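Here the structure is laid out as structure tokens; the discussion comes afterwards.
Please read these numbers as outputs of a predicted model, since none were measured by experiment. Counting convention: from 1, in listed order, for ligands and their atoms alike.
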Amino acid sequence: MSDITLGIIGGGQLGSMLAIAAKKLNVKTVIFSDDADAPAQNFCNQFISGNYDDKQKVADFVNQVDFVTYEFENIPFETLNEINKLKPVLPKPSVNRLIQHRLAEKDFINKLNIRTTRYVSIEKKSDIDALEDFLPGILKTTTLGYDGKGQHPINSTEELNSINIDFSSGYMLEKLVKLKKEISIIITRFSNNKYEIYEPIENTHEDQILKYSKIPAKINKKIFNQSKDWAMLIAEELKYVGTLCVEFFIDRNDNLYVNEVAPRVHNSGHLTINSYNVSQFENHVRAVCGLEQIPLKKISNARMINLLGDQISPYRNSPNLKENEFFFDYLKKEIKEKRKMGHITILI
Ligand code: ADP
Ligand code: MG
């Protein structure tokens, strides 16, 4: 029995799966969430609910843990920074601050000579003039977006002008890439500068929400290597510790672009639970808690299907699974349209 306790901020499905992985490694978990109904309370050793700026609750949490990590990027920098003075927060708070802002994130990636989509900051309505170059495009909030939230497809300057948006909260306009395919790379960097990297995962989105992931991705050798190299470069440059995901676009001319970086475990990596000897979650816990690094081995090819909204119901009622199928129910209290409720992984 290890006597390590890991604190996890955020109590959704990623927090749950981190807690499950930690348990396997005999690492205790304390989850801190601002949602009293957070599903991860079903999987951790201890659950604390409170606002992220509640100093007393944060202190309670910090006192009980050895290391702190987080399952989503929209945690106030001040909170992570304060905690980091008392217990190591990994990945470090400055990484989170950089990546939670889409403009800072894309500037950072471009400085590494890595291709991203073309983008421009929009701070006020008049910035919209002369933006034809970026159309058709997608208008995105610079902070707090996920699963396509805060995004508006825009085809013409007229559309852009007539849209009713308060630009004071920060937006950017991104040129639409004519997509052939989307892939992601999941990489875990350990504090001794070593890596474990999973093979590229091919992803299909519906309404800007991830619906299917699979390995192997059908891509050429150049993209296979370039995506891995870019993910390593990003992790290295951030001096990252833990699991990180890089999302990529591939256009119709086989150009590779980085779409965004998630400083955390990622939905497209759920299939690693069943298809690799060590999952993205276990690797994250290993890296953050300074545990042993184990070389990755693929067990099987796999497909993952997200269950959104009431797509979960038939599986809850009678899962009827085959031997190569694995069903995960995130145990969210309320079924909401397009909400990620669970997933199925099929080994193929
Ligand atoms: P989120 O933070 O919501 O994941 P993303 O920027 O990754 O936001 O966008 C979600 C999805 O929307 C992408 O995976 C892709 O399918 C589509 N998308 C976003 N931006 C673009 C773009 N510039 N060109 C083409 N498709 C895009
Ligand atoms: Mg995304």
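Among protein heavy atoms, atom 3 (O) of ligand 1 sits closest to G148 N, 2.6 Å. Of the protein's non-hydrogen atoms, Q208 O, 3.7 Å is the one closest to atom 10 (C) of ligand 1. Considering only non-hydrogen protein atoms, atom 1 (P) of ligand 1 sits nearest to E260 OE2, 3.4 Å. With respect to atom 6 (O) of ligand 1, the closest heavy atom belonging to the protein is K140 NZ, 2.6 Å. Of all protein heavy atoms, the one lying nearest to atom 22 (C) of ligand 1 is F249 CE1, 3.6 Å.
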I'd like to know whether E202 forms a salt bridge (charged side-chain N to carboxylate O under 4.0 Å, His left out) with K218, so could you lay out the CA-CA distance, the side-chain angles of the two residues, the decisive distance to 0.1 Å, and finally the verdict. CA-CA 7 Å; E202 183 169 333; K218 269 203 178 151; over 6 Å; no

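Listed by number with element, the atoms of ligand 1 under 4.0 angstrom from any heavy atom of L176 are 23 (N), 24 (N), 25 (C). The contact set between ligand 1 and H205, taken as ligand atoms under 4.0 Å from a residue heavy atom, comprises 14 (O), 16 (O).
Taking the six-membered ring where the residue is Trp, F328 and H343 present parallel rings, their angle staying beneath 30° rather than reaching 60°. Relative orientation of the F281 and H270 rings is tilted, given thresholds of 30° and 60° on the angle between their planes.
The two atoms that bring L271 and A302 nearest to each other are CD2-O, 4.0 Å, heavy atoms only. Taking each heavy atom of F108 and I234 in turn, the nearest pair found is CE2-CG2, 4.2 Å.
Contact between K178 and ligand 1 is absent, with no heavy atom of the residue lying under 4.0 Å from the ligand.
By the 4.0 Å N-to-carboxylate-O rule, R118 lies close enough to D133 to be salt-bridged with it.
By heavy-atom distance, the residue among I138, T204, V177, T117 lying nearest atom 24 (N) of ligand 1 is V177. Ranked by closest heavy atom to atom 5 (P) of ligand 1, the top entry among K175, Q151, E73 is Q151. When the heavy-atom distances from atom 15 (C) of ligand 1 to E174, E247, R102, E182 are ranked, the shortest goes to E182.
Defined by atom type and a distance below 3.5 Å, a donor-acceptor pair is present between the side-chain atoms of D251 and Y257.
Enclosure of atom CZ in F249 by more than 12 non-hydrogen atoms of other residues, nucleotides or ligands within 6.0 angstrom is indicated.
With the Mg ion (ligand 2) at the apex, E260 OE2 and E247 OE2 define an angle of roughly 90° (rounded to 10 degrees).
Separation of atoms CE (M304) and CG (L347) is listed at 13.0 Å; rounding is to 0.5 Å.
Under 4.0 Å from ligand 1, not a single heavy atom of L210 appears. Only side-chain heavy atoms of L179 come within less than 4.0 Å of ligand 1; its backbone N, CA, C and O stay farther off.
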